[in-house]
Amino acid sequence: MIARWTFHDGDRMADHRAAHLNLPLVDRLPIFISKGDVRLYDDGACINHLHLTFHKAVGVTSIVKRVQETLSYLATPKAYSTLVQVNVITLLSAAFIIFTSIIAQEFLRDTALAQFIVQASTWTSFRTSSIILVATLSMMVIMIVGSWFDKGGPAWSVARLSMRWPFKAIHTPNGPRGWPILGTWWLMQGSNMHRDLAKHAWGGGDSTRKLMALSVGVTRIVLSSDPKVAKQILQSQVFGDRPLKQAASDLGFARAIGFAVQGPYWRHLRKIAVMHMFSHKQIVSNYESLQRETSRMISAIACDLSTDEVGTRVGLCLRPYLQRAAVNNITTTVFGRHYSFGSSCREATALEGMIREGFELLGGFNSADHLPLLRHLPFLPFASRCRNLTRQVRTFVQPILDEHRRRCRQGDSSVSSFVDVLLSLQGDQKLLDDDMISVLWEMVFRGTDTVAVLIEWALAEVILNPKIQAQIHKELDTVVGQTRLVQQKDIDQLPYLQAVLKETLRSHPPGPLLSWARIANEDTQVAGYHVPQGTTAMVNMWAITHDPTVWPNPNTFDPSRFMKNEGGDDIDVLGTDLRLAPFGSGRRVCPGRALGLATAQLWLARLLHQFSWSQDPDHPIQLTDNLKMSCEMALPLHACAMVRIPEL
Ligand code: HEM
């Protein structure tokens, strides 16, 4: 490669090196250099080494440009948080100096040393720190007051200030006004966050429906509630990374598929996931264990069914059955192991505890993700909880890896679980143990609650709509009959059951905000708005699936909208059609979607084939959301069941 480049006066070296010459970045500061040391590389080898001298034309344009660059830097969130830190340090130093002079006066009294300390602190350090303090406080007050008047909250105000200086017209998205420093904090948490965000997006008209600006502390966010704009975000390479939350980072998830940054390592993991862990062959080979776990769940439910003294059926809380089956389903797939929950099995209890703790840490709102200074406060237990969990997970998973290795050495080369898949990788495909633990543990987190939550919602809707239940029973009896159990191969012949599941995914997407957000890795345009690098991008899938302009009568549970023979649209839910993309879309689409869907279809089919369900009069069903890591029913589903087809 022979690269030619004419440097113009005032050009930024760093940009040219990165953009045109493929040269290593030496400095990223927005400064203009007058002398340059340029090396040209071809395939890593230095082929030319030039010393260039630039002659700066000192004119009005270059001075304005220089001021503009400096102010742009000052108005970035990074500079803003530096300002806050300077302020805190200044306050502490001032307090320290006052304290020292008081002590000196008190203990050294009229000695020469005391007089020196008092004078020095009064006239030098104290004054200097006071000036810094007043200056930083005034800047903060100006920024805080300014941000109060700006749409989208303070993080957006800071970004706009940086982008628009001096007087550039940049089109940025609109959004609700935020509190100083905190921004629209109140909108970004709570069990109904997806609904609140949808109300704001719809309330602001077409522009905020397409793209709404929000701020939480220093985090600048854009949120889309429109299928076309959502597609633009999710399928773009620019939004191919995720913001690394403190929990994800402390739990080692930066080395797992969900949070690894786009690059050779992430591509390697995705390839392993697509080709080995979630390949059609692997999913088919899991059918047997899936059937076994489903049978165990159904037997447990059947075993606990009872009637009271007058023969009325007693209701069951279904959540524990679904959750435990989901954990076992995923642990047999991932580790090749089944756990006996509810017994005195210590491993099962530990596993349940770790999963619960992981959900709380990863699914909860952590202020330190948005105000990084808080991470340094020693009395917040978040970091130590993450460290404890990481230790526990390692202690739990490492022996499983070791045991699989031992079996392998003894000649057992069967590949039946994800652990086997990862251990069977050879050469440069091999992963380190710690990386394997992160990958496997992420699968356990992601694969566990989603399916259980989905089936709980599906059963609740079916029980509330007896006609729908009757139609599923009719379809099942026609296709499967009453003399055998549902098999995986029957699912294709059950279009109505599939439509019920799709309608559940539409009405109650398990990840209404697609769970984990994306981040812009460079400045870009979305829906005609400028979105700066580092902006967190979210999609409100719940808002899309409840938008009457996208789905007529969105609040009615109507599976026929997916039945072709009833005039419906049998759309693909795996990420191609953004009107219903509960598994996300693009390069970060859920790799476990086929497995998750196959599990949910079999569970629903078998639960409805083998039981007839009705409301528990003591616990009327309420369709209220509770958004945690996934969006579950706020009140767990209680229902009465009558056996239609016993476990064979
Ligand atoms: C009903 C079941 C499921 C639903 C609704 C669901 C939903 C999602 C969603 C919305 C995302 C984010 C996609 C995006 O950013 O575009 C995701 C990512 C992910 N899911 Fe699932 N999921 C399900 C089941 C599973 C299962 C069973 C597994 C694994 C065993 C799994 C593993 C993952 C992983 C590893 C990611 C991160 C992918 C990446 O960032 O590259 N999911 N899932």
Side-chain angles (χ1 to χ4, degrees), residues 194 224 230-231 233-236 239-244 248 253-263 265-274 276-278 282-283 286 290 322 325-327 329-335 362 417-419 421 438-458 501-502 504-506 508-519 536-542 544-545 573-576 578 580-604 629-632:
H194 51 297
S224 175
K231 187 170 191 162
I233 293 175
L234 296 178
Q235 298 192 352
S236 152
F239 292 101
D241 288 323
R242 298 190 192 280
L244 191 60
F253 280 6
R255 300 293 290 172
I257 298 179
F259 287 97
V261 287
Q262 293 179 93
Y265 179 72
W266 171 76
R267 270 196 299 279
H268 179 47
L269 289 185
R270 275 302 291 204
K271 206 164 128 198
I272 296 171
V274 174
H276 304 287
M277 301 206 297
F278 298 107
Q282 186 68 24
I283 293 175
N286 275 335
L290 176 59
L322 297 171
V327 174
N329 203 30
I330 210 77
T331 52
T332 26
T333 312
V334 173
F335 302 137
L362 276 168
S417 65
F418 286 178
V419 173
V421 170
S438 301
V439 172
L440 296 168
W441 196 247
E442 183 190 54
M443 296 296 168
V444 173
F445 272 132
R446 293 290 329 186
T448 302
D449 68 331
T450 37
V451 177
V453 161
L454 180 62
I455 296 301
E456 196 177 12
W457 281 115
L501 208 58
K502 283 185 182 175
T504 312
L505 285 165
R506 187 197 67 78
H508 312 283
L513 296 164
L514 295 189
S515 314
W516 292 336
R518 309 282 190 94
I519 193 164
T536 296
M538 294 168 68
V539 167
N540 192 343
M541 190 45 66
W542 187 92
I544 296 176
T545 60
V573 294
L574 296 182
T576 47
L578 267 288
L580 180 54
F583 300 97
S585 183
R587 50 182 53 212
R588 288 279 179 175
V589 66
C590 172
R593 59 202 187 285
L595 177 69
L597 206 56
T599 311
Q601 285 167 338
L602 187 76
W603 279 19
L604 191 63
M629 180 127 149
S630 299
C631 186
E632 58 184 30

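First listed ligand is number 1; within each ligand, the first listed atom is number 1. Treat the numbers as computed from the prediction; the structure is a model and nothing was measured.
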Note the single closest protein heavy atom to [atom], along with its residue, its atom name and the distance in Å.
atom: atom 16 (O) of ligand 1; result: Arg518 NH2, 2.7 Å
atom: atom 10 (C) of ligand 1; result: Pro582 O, 3.3 Å
atom: atom 13 (C) of ligand 1; result: Arg588 O, 3.3 Å
atom: atom 37 (C) of ligand 1; result: Gly258 CA, 3.6 Å

Would [X] count as a contact of ligand 1 if the rule is a heavy atom under 4.0 Å away?
X: Gly586; answer: no
X: Arg270; answer: yes
X: Trp266; answer: yes

Any side-chain heavy-atom pair of [X] and [Y] under 4.5 Å:
X: Val334; Y: Met277; result: no
X: Trp266; Y: Asp241; result: no
X: Leu514; Y: Leu234; result: yes

In sequence, state the C-alpha distance, the side-chain angles, and the governing distance for Leu578 and Met541, and then conclude on side-chain contact (heavy atoms from CB on, under 4.5 Å). CA-CA 9 Å; Leu578 267 288; Met541 190 45 66; 4.2 Å; yes
Just how far is it from atom [atom1] of [X] to atom [atom2] of [Y], taken to the nearest 0.5 Å?
X: His276; Y: Lys271; atom1: NE2; atom2: NZ; result: 7.5 Å
X: Asn286; Y: Thr332; atom1: CG; atom2: OG1; result: 7.5 Å
X: Arg518; Y: Ile233; atom1: CZ; atom2: CD1; result: 9.0 Å
X: His194; Y: Thr545; atom1: NE2; atom2: OG1; result: 9.0 Å
X: Leu602; Y: Leu290; atom1: CG; atom2: CG; result: 5.0 Å

Residue [X] vicinity, atoms of ligand 1 by number, heavy atom under 4.0 Å:
X: Phe278; answer: 29 (C), 30 (C)
X: Met443; answer: 29 (C), 30 (C)
X: Pro510; answer: 5 (C)

Name the orientation class of the two ring planes belonging to Trp516 and Phe259 (parallel below 30°, tilted from 30 to 60°, perpendicular beyond 60°).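 Tilted.
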Check the orientation of Phe418 and Phe278. Use parallel for under 30°, tilted for 30 to 60°, and perpendicular for over 60°.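 Ring orientation, 0 to 90° scale: perpendicular.
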Under-4.0 Å heavy-atom contact with ligand 1, by part of Ser585 that carries it: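 Near ligand 1, Ser585 shows its backbone, while the atoms from C-beta on stay back.
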Between Ile330 and ligand 1, which residue portion shows a heavy-atom distance shorter than 4.0 Å: side chain, backbone, both, or neither?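 Ile330 to ligand 1: side-chain contact only, backbone stays beyond 4.0 Å.
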Show me the donor-acceptor pairs, under 3.5 Å and distance only, between side chains in residues 592-601 and residues at least two apart or in other chains.
residue : atom : partner : partner atom : Å
Arg593  : NE   : Leu574  : O            : 3.2
Arg593  : NH1  : Cys590  : O            : 2.7
Thr599  : OG1  : Leu595  : O            : 2.7

Would you check whether Arg242 has a nitrogen or oxygen atom less than 3.5 angstrom from a nitrogen or oxygen atom of ligand 1?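 Yes: some nitrogen or oxygen of Arg242 is under 3.5 Å from one in ligand 1.
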Does an N or O anywhere in Glu442 fall below 3.5 Å from an N or O of ligand 1?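 Between Glu442 and ligand 1, no N or O pair is found under 3.5 Å apart.
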If I compare all heavy atoms of Arg270 with all of Val589, which pair ends up nearest, and what's the gap?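 Nearest heavy atoms, Arg270 then Val589: NH2-O, 2.8 Å.
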Hey, which protein N/O/S atoms does atom 21 (Fe) of ligand 1 have under 2.8 Å?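 Within the sphere that stays under 2.8 Å of atom 21 (Fe) of ligand 1, the protein atoms of type N, O or S are Cys590 SG.
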